[in-house]
Participant: 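So that we are looking at the same thing, I have put the structure below in structure tokens.
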Amino acid sequence: MYDPKTYIGTGRPVNNQVYLAPESTGYPNVAVIAPVGGGLTFRLSRDFSATAEAAYNFTSTDKLDDVSLRGNTKKNDGYGTVELKIEYSIH
């Protein structure tokens with residue numbers, strides 16, 4: 001489920017952020033997301049491991065960020081994540 005909002009700027013929104021009027025009010029309530037990714041885990045010692053993971057999420061909508069008309073209307077939205085973790089095993 002999502003509620004798209006957009007603003008002018010390149011940074012994260014601040015507490016008093018002014019949002020632009022939505023392009024449309026007819027957004028669907030749900031979008032399908034298909035994640036694709038992978039990762040590697042390295043054992044550092046008996047107790048510690050380091051893991052690196054990356055994923056890209058393809059979506060069924062161009063409305064996640066409310067800029068479909070101002071952006072590329074022929075391509076759906078998508079987003080990626082990268083995680084770096086140190087893990088401790090309890091024996």
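What you are looking at is a predicted structure, and each value in this text was computed from that prediction instead of being measured.
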Participant: Closest heavy-atom contact between D62 and D77?
Facilitator: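 Looking at all heavy atoms of both residues, the shortest contact is OD1-OD1, 3.0 Å.
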Participant: Just do the side chain to side chain contact (heavy atoms under 4.5 Å, CB included) check on I86 and Y88 with the steps written out, would you?
Facilitator: CA-CA 7 Å; I86 299 293; Y88 176 73; over 6 Å; no
Participant: Please tabulate, for side-chain N and O atoms in residues 7-18, each donor-acceptor pair with protein atoms closer than 3.5 Å (sequence neighbours left out).
Facilitator:
residue	atom	partner	partner atom	Å
Y7	OH	G11	O	2.4
Q17	OE1	V14	N	3.4

Participant: Below 3.5 Å, can you tabulate the donor-acceptor pairs from side chains in residues 33-46 to any protein atom, sequence neighbours excluded?
Facilitator:
residue	atom	partner	partner atom	Å
T41	OG1	T51	OG1	3.1
S45	OG	D47	N	3.3
S45	OG	F48	N	3.2

Participant: Taking salt bridge (Lys or Arg N to Asp or Glu O under 4.0 Å) as the test, write out the residues that go with E83, two or more places apart.
Facilitator: none
Participant: Starting from V32, walk the hydrophobic network (Ile, Leu, Val, Met, Phe, Trp, Tyr; side-chain heavy atoms closer than 4.5 Å) and list everyone else you reach, by chain and number.
Facilitator: none
Participant: Under 4.5 Å between side-chain heavy atoms, chaining through other members, with only Ile, Leu, Val, Met, Phe, Trp and Tyr counted: pull out the rest of the cluster around L84, sorted by chain and number.
Facilitator: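 None, because no other hydrophobic side chain comes under 4.5 Å of this residue.
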Participant: Mind listing the closest non-hydrogen atom pair of T59 and T61 along with its distance?
Facilitator: OG1-O, 3.0 Å
